[in-house]
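Protein chains get the first letters and strands the later ones, always in sequence-line order, with residue 1 at the start of each.
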Amino acid sequence: MTDIRIDPSVVDGRGRFDPSTADGRWQRAWAAAETFTADSDSTKPKSYILEMFPYPSGRIHMGHVRNYTMGDVLARYQKMRGYEVLHPMGWDAFGMPAENAAMEKGVHPGGWTRQNIAQMKSQLQRIGFALDWTREFATCDPEYYGHEQALFVDLYEAGLVYRKESTVNWDPVDMTVLANEQVIDGKGWRSGAEVEKRKLNQWFLKITDFAEDLLAGLGSLEDWPEKVRLMQENWIGKSQGLEFSFELSESLPLREGVGDGCATPADAVPPPPTPPHGEGSLQRLPVYTTRPDTIFGASFVAVAADHPIAQSLAHDPEVAAFIEACKRGGTKAAEVETAEKLGYLTSLTAKHPFTGEPLPLFIANFVLMEYGTGAVMGVPGHDQRDFEFATKYGLPITRVVAADPARADDPFAGEAEAGDGVIVNSGFLNGMSVDDAIQAVISRAEADGWGEGRTVWRLRDWGVSRQRYWGTPIPFIHCETCGVVPVPKAQLPVVLPEDVSFDIPGNPLERHPTWKHVDCPKCGARARRETDTLDTFVDSSWYFLRFASQPADRPFDPEEVAKWLPVQHYIGGVEHAILHLLYARFWTRALAHIGKITVQEPFAALFTQGMVTHETYSRVDEARGVPVFFGPEEVDRTSEGATLLTDSAPVDVGRVIKMSKSKKNVVDPDAIIARHGADAVRWFMLSDSPPERDLPWSDAGIEGCSRFVQRLWRLFSAYDAGAVGEDKSLDRKTHQTIAAVAADIEALGFNKAVARIYELTGAAEKSAPSASRSAAIRALVHMVAPMMPHLAEEVWAKIGGEGLIADAPWPAVDPALLVDDEVTIALQHMGKLRDTITAPKGASKDALEALALASANLQRSIDGAAVRKVIVVPDRLVNIVT
RNA sequence: GCGGGUGUGGCGGAAUGGUAGACGCCGGGGACUUAAAAUCCCCUGAUCUUUGAUCGUGCGGGUUCGAGUCCCGCCGCCCGCACCA
């Protein structure tokens, strides 16, 4: 066939590709053919591609589009590469915004959420993502959260769930408990309200049981960004050291309630191995240090303001006042940074375990009750905080570690010396290395029975109770006689009641007239249903398992899970580096621990994509002195500047920042798709910026992409199956491009793949019709298929391709065509470029040298000077040294 | 403060120690057109004495025949953590 007939419905009056008709046709074709339905019984190798599922806020934004386009290219590419691909989508559908909407608009959270899901699903479908919609679910489906409840009961029975009264972070605006991670600078992460401390009975998951394993597992995650692994490592915060007790100069009576002031779920951490001696009194003070090697440099001891010792001294009004002052100290970053080290000198002393010397005991504002034992030994020579403290209060500062032992008694240079060295001024430790001394002190303490080596974790158990309606009900019943009783599996799911009201703040489950009144499953007596719901991070901690298999009677089938997991590529925002990703790793381990699955790490490779950004347009409101922002659609942007459409007067063009409603720099994907089609938007998401960096949105950029779609269409329309003749150089370019694009996609270098496709497109356009050119076009259709699937299908059909190109294999590469037969050789004199010549590939060094010396430009530069050396890099360059 | 990242034309960005600026955007010029749109072609780091040369990858040194790339010392910006003993 020498001419191709173009379906009039995909061509506008000017012969242009018309996405408004083509996009829908192929989206329907894929759905009808079940092209992207994953077959777990397939004999092909399996590949699980997953993007972090969205919260159904109402509309898809550009960040979603970028995220899912990347995953989509990988999914489509791997399918072409012969994999059976699982690429599912669902909805992280529980959470606060639905309740906020209920309060503001009087709609039911369920209805609001379902409506949003329907809307967003249709948006995603219009972008043409290769998703297996047969596996779609929302976490608010009773079926899903029912299985979650069953798993929660399983974990409870395995001893990984417990309940305890603890002081929690209470958000007074959202009226809910927040995890430590959800408190940012002392404020709620969503509401921004100042967080209060409250005492409540809370459910906890024992993530600390897995601390060591979660930390060790990071080492095997080679395809995770180093940054994320470091963040998790710091969050887990393992430290090893010595815990030991100072003997106090006098015994203090323990006061009622003392020791419970310590705020957070931290007290979920197991108690110290060496508790204070003597019940009901405090005679020994346990401290924790990571630097027991510096113990001879200790010149004071300090306890936190809410430490039992401080509390038991609080009958003294001066002490009470000091403790109050400590509590008032802000938690904000800036405040902590500038806060002065303050201490209150008590009348007590602590006996040094080696020297027997009495050390003064302070209450200090920089000691934290929730870390270690809430008490420290102060070694000012080798700890900056202790140094500042000792300087302020005139305490001795001794050097016990010296880089140069000969200068052990030199004065300090105004700051602590944290570096490595040799132990000095330290009795039996003198002359040891820091590491040896640490071991020596721990051994001595353990042998003499006054202390022992201990590992301390920053990670705390995960508080999962939320006093909210729109979440997974915690499946437990409180019975006066039987205590806490799990809801029997046969009675799951515990379904949320529909008839609830949101006209007053607080938990609607708590005040529902009947829901919480049930009979005890054990004894049948009147009992009370738990009204807390689970943190939504629980929902997202196992959804990737449910995607892999969805039996009705169980959360998942372990064999199916084993077929698909781990996820080959997990793609999402870096904002989930700690919370979601750590919890998901924990759940996977916990479920493996109780024998539900065999996989340990859920995500083999993680990719964190950059944000979509946009310029901001604003004017300063003269009256109020604050900037007023304008959306891109309100502004006429030229290369010189920007003016407001309504008054044609200039507006300030501000920084390029993440799209956000408050700055109004948001571009709606729907509007762009309606105007340019799905393929142009997808192409834009992949072009130019490396995927891990931010992508600046611009109208000029999307118009460029739209033009390229048409340019390809014109090139493809010129396809001639019967063309004859060979263009060897185009053949090479084609095969080199196929290989390079494949490598780029596999390395997630989409911007580079895009650039290669531009190059080959240009080369094919310039080349005269030939069999080579037709081959180049066929290769291009395949290469753009994962990126611009609608255009690719349309062309594939027109040029007589069999079936859908989505099902076609990736084009094969002829290795013989990957190498050029001629190469450009750079000619340098003293490392400076003077000329270039072409030479046959693989020419000998002598031949290249001879060719180089024949260059007039090079000879002019050498200017008759004696040639001292000639460096020849075959196929690359010749450098003459004179 | 600690940890990590990053710095290349007007902009987004390419470059296994070997021709810096691929590719795209913007801009300029031209062709086609009655005109516009669309499309196509050419130019587009700076400077100069312009068939050529000099400078040029945040700054200052160094290694090398040759450095954006490696080493040492700084600076800016971005992100994370933050009195963690």
Side-chain angles (χ1 to χ4, degrees), chain A residues 14-16 185 225-231 233-235 237-239 241-242 287-291 294 302 304 329 331-337 339-341 364-368 370-379 382-386 388-389 418 456-458 574-575 577-578 613 638-639 656 683-684 687-690 692-696 698-705 707-708 710-711 714 749 751-759 761-762 765 824-836 856-857 860-861 868-873 875-882:
Chain A
R14 304 184 189 106
R16 293 157 54 92
D185 289 345
E226 181 68 23
K227 174 192 171 87
V228 173
R229 287 190 285 168
L230 266 165
M231 283 165 76
E233 189 179 323
N234 292 337
W235 188 261
K238 180 181 188 175
S239 81
L242 170 72
V287 299
Y288 173 73
T289 177
T290 55
R291 294 293 304 273
T294 63
T331 47
K332 278 185 207 158
E335 288 171 359
V336 168
E337 196 177 326
E340 201 182 355
K341 306 276 176 288
N365 65 344
F366 68 92
V367 181
L368 303 174
E370 53 273 17
Y371 189 80
T373 62
V376 299
M377 69 171 190
V379 184
H382 306 284
D383 180 286
Q384 186 57 28
R385 293 156 304 177
D386 297 348
E388 287 169 31
F389 191 81
V456 168
W457 304 87
R458 206 190 88 114
V574 73
E575 66 272 21
I578 297 173
T613 58
T638 65
S639 54
V656 178
W683 190 251
F684 186 96
S687 305
D688 295 350
S689 285
E692 68 277 8
R693 285 203 220 164
D694 289 350
L695 172 68
S698 73
D699 289 343
I702 186 66
E703 278 156 23
C705 291
R707 275 201 299 274
F708 184 64
Q710 299 301 336
R711 192 177 146 200
R714 281 193 302 277
N751 58 320
K752 293 186 221 171
V754 161
R756 308 253 189 214
I757 289 170
Y758 274 120
E759 284 187 65
T761 302
E765 284 169 339
T824 305
I825 304 291
L827 305 186
Q828 299 180 337
H829 175 217
M830 302 301 284
K832 288 191 189 240
L833 182 73
R834 291 300 174 224
D835 204 354
T836 57
N857 281 340
R860 180 157 9 93
S861 180
R868 287 198 295 129
K869 199 173 172 187
V870 179
I871 288 151
V872 181
V873 181
D875 297 336
R876 277 271 171 196
L877 61 77
V878 178
N879 187 16
I880 306 294
V881 184
T882 57

| note | B/S/- along nucleotides 8-16 of chain B (protein heavy atoms under 4.0 Å) is ----BSSSB
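Partners of A:F684 under the ring-ring contact (aromatic ring centres under 6.0 Å, His included) rule, at least two apart in sequence or in another chain, are A:W697. By the salt bridge (Lys or Arg N to Asp or Glu O under 4.0 Å) test, A:E759 pairs with A:K733, sequence neighbours left out. Evaluation of the salt bridge (Lys or Arg N to Asp or Glu O under 4.0 Å) rule for A:D386 yields no partner, not counting sequence neighbours. Under the rule for a side chain to side chain donor-acceptor pair (under 3.5 Å), A:S689 has no partner lying at least two apart in sequence or in another chain. Legend: residues meeting side-chain contact (heavy atoms from CB on, under 4.5 Å) with A:V878, ordered by chain and number and at least two apart, are A:I825, A:L827, A:L848, A:A852, A:V870, A:V872, A:I880. Annotation: side-chain contact (heavy atoms from CB on, under 4.5 Å) contacts of A:E226 (sequence neighbours excluded): A:R229, A:L230. When the side chain to side chain donor-acceptor pair (under 3.5 Å) test is applied to A:E765, the partners found at least two apart in sequence or on another chain are A:R711.
If you take CG of A:N365 and P of B:rC83, they are 11 Å apart, rounded to a whole angstrom. At whole-Å resolution of the value, CD in A:E233 and P in B:rC84 are 17 Å apart. The distance from atom CZ of A:R229 to atom C1' of B:rG80 is 16 Å, rounded to the nearest whole Å. If you take CD of A:E759 and P of B:rA22, they are 10 Å apart, rounded to a whole angstrom. With rounding to whole Å, A:R458 atom CZ is found 10 Å from B:rA85 atom P. Separating the CZ atom of A:R834 from the P atom of B:rA53 is a distance of 6 Å, rounded to the nearest angstrom. Between A:N857 atom CG and B:rU51 atom P the separation is 12 Å, expressed in whole Å. Taking atom CZ on A:F684 and atom C1' on B:rC23, their separation rounds to 15 Å, with Å as the unit.
For the C1' atoms, the distance from B:rG30 to B:rA20 is 30 Å, rounded to whole Å. Comparing the P positions of B:rG17 and B:rC71 gives a spacing of 12 Å, expressed to the nearest Å. B:rC11 and B:rU47: their P atoms are spaced 15 Å apart (whole Å). Rounded to whole Å, the separation between the P atoms of B:rG5 and B:rA85 comes to 22 Å. Annotation: B:rG68 and B:rG18 have their P atoms spaced 10 Å apart (nearest Å). Separating the C1' atom of B:rU50 from that of B:rG4 is a span of 47 Å, rounded to the nearest Å. Taking the C1' atom of each, B:rU44 and B:rU33 are spaced 26 Å apart, rounded to whole Å.
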Can you check nucleotides 61-71 of chain B for protein contacts, nitrogen or oxygen pairs under 3.5 Å, and list what you find?
unit_1 : atom_1 : unit_2 : atom_2 : d
B:rC65 : O2'    : A:N879 : ND2    : 3.4
B:rC65 : O2     : A:N879 : ND2    : 2.5

Enumerate all atom pairs, one protein N or O and one N or O from nucleotides 41-47 of chain B, separated by less than 3.5 Å.
none

Sort me out a list of protein N/O and nucleotides 77-79 of chain B N/O pairs below 3.5 Å, or just none if empty.
unit_1 : atom_1 : unit_2 : atom_2 : d
B:rC79 : O2'    : A:K227 : NZ     : 3.3

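A syn orientation is assigned to B:rU50, its glycosidic angle lying within 90° of 0. B:rG66 has its base anti relative to the sugar, with a glycosidic angle deviating from 0 by more than 90°.
The side chain of A:Y371 places an N or O atom within less than 4.0 Å of a non-bridging phosphate oxygen (OP1 or OP2) of B:rA85. Proximity of A:K832 to the phosphate of B:rA20: no side-chain N or O atom is located under 4.0 Å from OP1 or OP2.
Listed by first residue number, the stems of RNA chain B with at least three Watson-Crick or G-U pairs below 3.5 Å are B:1-7 with B:75-81, B:10-12 with B:23-25, B:27-31 with B:39-43, B:45-48 with B:52-55, B:58-62 with B:70-74.
Atom CG of A:L368 sits about 11.5 Å away from atom OG1 of A:T373, to the nearest 0.5 Å.
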